[in-house]
Amino acid sequence: MEAAPFTSEISRSRSFSSLSSTSSLLFLRNSDFYRQRSRVKFKSHTALSLRASSESSVVTLLDYGAGNVRSVRNAIRHLGFDIKDVQTPQDILNADRLIFPGVGAFAAAMDVLNKTGMAEALCTYIEKDRPFLGICLGLQLLFESSEEKGLVNGLGLIPGVVGRFDSTNGFRVPHIGWNALQISKDSEILDDFGNQHVYFVHSYRAMPSNDNKEWVSSTCNYGDNFIASIRRGNVHAVQFHPEKSGDVGLSVLRRFLYPKSHMLKKPTERKALGLAKRVIACLDVRANDKGDLVVTKGDQYDVRENTKENEVRNLGKPVELAGQYYKDGADEISFLNITGFRDFPLGDLPMIQVLRLTSENVFVPLTVGGGIRDFTDASGRHYSSLEVASEYFRSGADKISIGSDAVYAAEEYIKTGVKTGKSSLEQISRVYGNQAVVVSIDPRRVHLKSPNDVEFKAIRVKDTGPNGEEYAWYQCTVNGGREGRPIGAYELAKAVEELGAGEILLNCIDCDGQGKGFDVDLIKLISDAVSIPVIASSGAGAVEHFSEVYMKTNASAALAAGIFHRKEVPIQSVKEHLFKEGIEVRF
C-alpha cells in the first residue's frame, strides 16, 4: 500500500527519533551500502541456530503508525499468538519472528526506518536468515529503490526497482481486488494455498528479472507479471494482504507462524485464473428511534417503514451481519454511517466500535463512509477530516468513503483549476494513499430532449423520460440525496480522480431499492471515463443484474444491500451465476 508521507499528527515515528545517530544515517544512506546489501548471500536456514523455539507464541510486529495494522494484529491473535511491538532497533534483533506490515509511502517509510536505526537492524536480522514476513510495502522496501517519489533508496537486499503500474494499457490503477498467483518455486508459506485468489491493493510493484529470480517464489499478472511473493530461507514477503485474504490469507500467516504445520488442502474445483470481479455487501448503519444501532435499507434513500409508526427499517445488527456476509463469501464489507453522531468525542463514535469488533473476525477489506469531514463535538473539541479518517483506519477500516465533501471539493477544483490540498479528499489521499480513498457519488437522472440542453455531459439512455425524452444527465446530490448540486456525475468522477480518489462507488437514486437492475447507462459512462476502479451500486434485484453490469460496463465490483439483508439472493448464488457466465469470481 503506498501513500504520500504521513504527517506527525498521525504517526508514531516521532517516538523513535531519539534512536538514530548521525553515523548510522550516513552509513545507511551510502549507495555502496545498498549495492552491498543486494549481493548478500544467506546462510542455509537448516544450519543456522535460531534463538526462537518452535513453541514460542510471541510475534514481534514492526508498526510505525500509518494505516490499518489492526487487521494484522487481529489475524495474529486469531491464530493464537501474542504480539510484541517494536520500540527500539534491539527489539528487531531480539525477535523470534518478525512481521512488517508495511503501510504508507516508500520514501516516508525509509525515512522513518533510517532515522530510528530500524533499517540497519532489519538488514542485520534478515541477513542472519531470521524468520521474517513483509507484507505489501514490507516487500517493496527490501528492493534497491522505488520510483514512487523520485528515485528513493530501499534496504537494498533484493536487486530491482519498484515502479508504478502502467495505466495506459487499459488496466486500472490502483490494482485493487482478488487476483491469482503463479507459484514458481517452493515457497513454504504458500504450501496450503491451492489455486485460490488473494487480495491486492497497490499502485506500485517490483518486476522479476534475472538478477532477482532466486528470490521470487510467485508472480501475479496485472498487465505484466509482477512479483507477488519472495522467499529465501526463513525470509518471506508478499505483495498481497494475507490479513485481508480470508481463510486463504490466514493459511499463509499460519504457515509462517507454524512452519512445520500442515493443513489438509481443500480440493479446488475452480482454479483462480486472474483478477476477480468483486461482490460487495453494503450495510447502511444508523440509530433507530430507540437509539440502537441497526442495519437499514432505503427505498430511493427513504429508510422508514410505510407504517403508522413510521419506524426506521431494521434489518439486523451491523457486527453480526458483517460476520455472516464474511462467512457467505463477500469480497468486501462496506459500512455506510447514515447518522451524524456529531455530539460524540471522536474515540467514542459508535461506528468506531463497530469497526473494532468486526475486524476481530472478518478478514476481508472493510470500508466505512459517512461523516468523514471536519466536526466539533459537544465539548467544543474540533476534529479535522484527517483525524476522523485516521481514527477509522486505526480501528480497522481499510478504505474510507467520502461523499458530500468530495462534491464540494470537485466543484471548487473545476471552478478554479487549483488543487488546494485542503479538502478531506486531498488530505487523506496524500497521507494514506489514493487506494485508501473511495468517493461515493449519489446522482439523480434528469431527462432531456437534447444533450445540448445542459452544460454537463448528457447521454442517450435506455429508459426514456416521462415525456419520451431520450437523453439524460446525472445530477450529483449531497446530504443523503436531499440537495442537488450544479455538477454532473461525469464531471465529478473526472475531478475526484485528479484530486486523489482511488476508487468510485457509483450509486443511483432512481434505482435505489427498486430491484430492477443497475443503471447500466450511468455505470458505463463513468467506468469508461476514469482509469480508477468503479463499484456499481443501487438496483440489484437478481443474479442476472450482476452479470449484466459486468458484461456491459467496465465496473470492477458490484455492491448490493437489501437483497442480501432480506436473504432474497444469497452471495454464493450471485457468484455461482457469474461463474457459469464465464466471469472470474472468488470462491
Side-chain angles (χ1 to χ4, degrees), residues 170 172 277-280 282 298-301 403 406-407 410 414 438-478 481 484-497 501 503-563 569 574 577-578 581 583:
R172 296 174 185 272
K277 295 293 189 180
R278 288 172 282 154
V279 178
I280 301 174
C282 180
D299 180 352
Q300 295 186 326
Y301 290 24
V407 177
I414 291 172
V438 181
V439 167
S440 179
I441 302 179
D442 295 320
R444 187 187 302 276
R445 198 183 300 130
V446 179
H447 289 280
L448 304 166
K449 290 184 178 180
S450 167
N452 300 321
D453 290 347
V454 68
E455 62 182 295
F456 307 106
K457 181 75 172 181
I459 58 171
R460 188 186 297 271
V461 293
K462 180 183 69 174
D463 297 324
T464 57
N467 298 311
E469 299 95 335
E470 295 182 351
Y471 296 90
W473 72 286
Y474 289 87
Q475 182 184 23
C476 292
T477 67
V478 295
R485 299 295 300 178
I487 185 172
Y490 176 89
E491 289 76 18
L492 178 62
K494 299 282 284 185
V496 297
E497 180 179 17
E503 201 167 23
I504 288 173
L505 172 58
L506 187 57
N507 306 291
C508 180
I509 295 175
D510 306 273
C511 297
D512 182 61
Q514 303 305 295
K516 297 178 181 178
F518 299 99
D519 190 324
V520 171
D521 295 325
L522 169 64
I523 297 162
K524 178 172 173 50
L525 171 68
I526 303 304
S527 62
D528 287 349
V530 297
S531 62
I532 57 178
V534 173
I535 303 169
S537 177
S538 303
V543 295
E544 292 81 9
H545 295 151
F546 289 84
S547 56
E548 179 188 33
V549 77
Y550 285 139
M551 289 176 174
K552 294 183 178 180
T553 78
N554 285 311
S556 299
L559 174 150
I563 59 171
V569 179
V574 174
H577 169 75
L578 293 173
E581 293 294 321
I583 297 170

Nearest non-hydrogen partners of Arg445 and Cys511, listed with the distance: NH2-SG, 3.9 Å
N/O donor-acceptor pair under 3.5 Å between Arg444 side chain and Gly481 backbone: yes
Partner of Glu503 by side-chain contact (heavy atoms from CB on, under 4.5 Å), out of Ile532, Ile535, Val496: Ile535
Exam field: side chain Glu497 to backbone Ala495, donor-acceptor pair closer than 3.5 Å: no
Backbone N/O of Ile523 and side chain of Lys552: donor-acceptor pair under 3.5 Å: no
Beyond-backbone contact of Pro443 with Leu522, side-chain heavy atoms, under 4.5 angstrom: yes
Any side-chain heavy-atom pair of Gln475 and Arg485 under 4.5 Å: no
OH on Tyr471 to CG on Asp521, rounded to 0.5 Å: 12.5 Å
Pairwise side-chain contact, Val534 with Ser556, heavy-atom cut-off 4.5 Å (strictly under): no
Ala529 backbone acceptor or donor facing Lys494 side chain under 3.5 Å: yes
For the student: nearest non-hydrogen atoms of Ile563 and Ala540, plus distance: CG2-O, 3.3 Å
Minimal non-hydrogen separation, Ile509 against Thr477, with atom names: CD1-OG1, 3.6 Å
Residue pairs fulfilling ring pair (Phe, Tyr, Trp, His ring centres under 6.0 Å) with at least one residue in residues 533-562, sequence neighbours excluded: Phe518-Phe546
Side-chain heavy-atom pair Val530, Arg172 within 4.5 angstrom cut-off: yes
Any donor-acceptor N or O pair under 3.5 Å, side chains Thr464, His447: no
Side-chain donor-acceptor pair present, Asp519, Ser538, cut-off under 3.5 Å: no
Distance in Å, Ile414 CD1 paired with Glu491 CD, rounded so as to fall on 0.5 Å steps: 6.5 Å
Nearest heavy-atom neighbours spanning Cys282 and Leu559: CB-CD2, 3.4 Å
Short side-chain donor-acceptor distance under 3.5 Å, Ser537 and Asn507: yes
For Tyr474, the option from Ile487, Ile526, Ile459 that meets side-chain contact (heavy atoms from CB on, under 4.5 Å): Ile459
All salt bridge (Lys or Arg N to Asp or Glu O under 4.0 Å) counterparts of Lys524, not counting sequence neighbours: Asp528
Contact summary for Val439 and Ala406, nearest pair of heavy atoms: CG1-CB, 3.8 Å
Intermediate values then yes/no, side chain to side chain contact (heavy atoms under 4.5 Å, CB included), Asp463 and Asp510: CA-CA 11 Å; Asp463 297 324; Asp510 306 273; over 6 Å; no
Asn554 backbone acceptor or donor facing Ser527 side chain under 3.5 Å: yes
Donor-acceptor pair, side chain of Asp442 and main chain of Cys476, under 3.5 angstrom: no
Distance-minimising heavy-atom pair for Ala458 and Leu448: CB-CD1, 3.8 Å
CD-NZ distance between Glu469 and Lys449, expressed to the nearest 0.5 angstrom: 7.0 Å
Atom pair NZ/CE of Lys277 and Met551 - distance to nearest 0.5 Å: 11.0 Å
